[in-house]
Every structure is written in structure tokens, then in C-alpha cells.
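Encoded as C-alpha cells, the structure appears first; notes follow it.
These figures come from a predicted structure and were not determined experimentally.
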Amino acid sequence: MNSAGDPCLYVNFYRDVSREFDPENWSDLVQRFGGEPAVVVMADVSGRHPGDEQVFDFVTDLLSRFSGSAQDDYTEHLWSLDELRAGFQVSGHPFFDYIGWHAQSQATGGRGKA
């Protein structure tokens, strides 16, 4: 996905997805979906662009077409399409709230994920 003609999102597929999750989180994911996911898609945001709009559009479009959930780098929460569209918050933050999490981390001395 591009922003003003410059790449903004870099999309990849995990081949060995169980290695990308902590064992407890992997177990929760498998239980939630009744089996291992057929595919896991990862989108990295270029540091040259905020990517807010592109991430939201990409994730909601993907979840509109395929069953699944989304996870950002800031929580362990598995976000549903309905939660994303409704602006659901975890620990006071919406999906992909890198600015809010950074501000909170600075204010609280760098505590980790919610």
C-alpha cells in the first residue's frame, strides 16, 4: 500500500506461524478459531509514514473478506472487525495507537503491552 506514491505498508505471510507467538498466546488463538489459522498476514509500516489510514483500511478490508482477527504490536488482544469499526479500546487505546502507547510509556517509565 502506498502513501503519496511511496510504499507505506510491507505485507508478508508467515510460513511457520506457531513460532511467531508465545505458547500461551498460540494456544488461545488456536482455541478461539477452533484450529490453527490457514494463514497469518503481517503488515509492517514504513517509518517514513504514520500509516494510520493505510493500516486501518488494509485490516478492515482483509477482515471483511476473510474470517479472522487482527493484532497490533501494542497489546495481546485479538481485534475483531466489529471492534475495529466501533473504535473499541483496550486499556484506553484503540487498535494501532502507537502515539498513545508511546505517550503512556513515556509517562509511566516504559511499561510493556496491555
Side-chain angles (χ1 to χ4, degrees):
M1 297 191 85
N2 293 312
S3 176
D6 191 36
C8 181
L9 295 183
Y10 295 89
V11 178
N12 294 295
F13 297 90
Y14 283 129
R15 301 230 188 294
D16 188 3
V17 295
S18 65
R19 298 174 85 193
E20 300 298 328
F21 292 85
D22 294 329
E24 181 179 309
N25 293 341
W26 178 248
S27 177
D28 290 345
L29 182 84
V30 170
Q31 183 177 1
R32 178 176 178 168
F33 291 105
E36 293 187 5
V39 66
V40 173
V41 179
M42 174 184 68
D44 289 319
V45 180
S46 163
R48 296 181 306 275
H49 304 284
D52 302 76
E53 182 180 331
Q54 291 82 3
V55 167
F56 184 82
D57 290 348
F58 176 72
V59 171
T60 56
D61 186 49
L62 200 60
L63 292 176
S64 294
R65 298 167 189 256
F66 303 98
S67 175
S69 63
Q71 186 174 27
D72 60 23
D73 287 339
Y74 309 100
T75 72
E76 299 295 334
H77 184 73
L78 296 174
W79 301 80
S80 71
L81 177 59
D82 289 342
E83 289 173 335
L84 294 170
R85 287 181 171 160
F88 180 78
Q89 296 190 356
V90 172
S91 300
H93 299 277
F95 180 75
F96 192 61
D97 183 22
Y98 58 92
I99 293 172
W101 284 108
H102 178 73
Q104 181 176 329
S105 176
Q106 294 296 308
T108 61
R111 291 192 197 135
K113 290 182 177 184

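A heavy-atom distance below 4.5 Å is found between the side chains of V11 and F58. Between F96 and V45 there is a side-chain heavy-atom pair separated by less than 4.5 Å. Residues E36 and W26 form a side-chain contact, since some pair of their non-hydrogen atoms from C-beta on lies under 4.5 Å apart.
Remark: I99 CD1 to D52 CG distance equals 6.0 Å, nearest 0.5 Å. Atom CG of N12 sits about 6.5 Å away from atom CG of D44, to the nearest 0.5 Å. Taken to the nearest 0.5 Å, the OG atom of S80 stands 8.0 Å off from the CZ atom of F88.
The shortest heavy-atom contact between F56 and R85 is CZ-CA, 4.4 Å. Of all heavy-atom pairs spanning C8 and G51, the tightest one is SG-CA, 3.7 Å. Contact record, A70 with L84: CB-CD1, 4.4 Å, taken as the closest heavy-atom pair.
Under the 3.5 Å distance criterion, the side-chain polar atoms of R32 are left unmatched by any main-chain donor or acceptor of S69. A donor-acceptor pair is defined here as one N or O able to donate and one able to accept, closer than 3.5 Å; such a pair exists between the side chain of Q71 and the backbone of E76. Panel note: side chain S64, backbone T60; a donor-acceptor pair is recorded below 3.5 Å. Panel note: side chain D72, backbone Y74; a donor-acceptor pair is recorded below 3.5 Å.
For the side chain to side chain contact (heavy atoms under 4.5 Å, CB included) with W79, the qualifying choice from T75, L81, D82 is T75, the only one to do so.
Other residues, nucleotides and ligands contribute more than 12 heavy atoms inside 6.0 Å of the CD atom of Q89.
The pair R65-D61 meets the salt-bridge criterion, with a side-chain N (NZ, NE, NH1 or NH2) lying under 4.0 Å from an Asp/Glu carboxylate O.
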message: Applying side chain to side chain contact (heavy atoms under 4.5 Å, CB included) to D73 and W101, what does each step give before you reach the verdict?
response: CA-CA 10 Å; D73 287 339; W101 284 108; over 6 Å; no

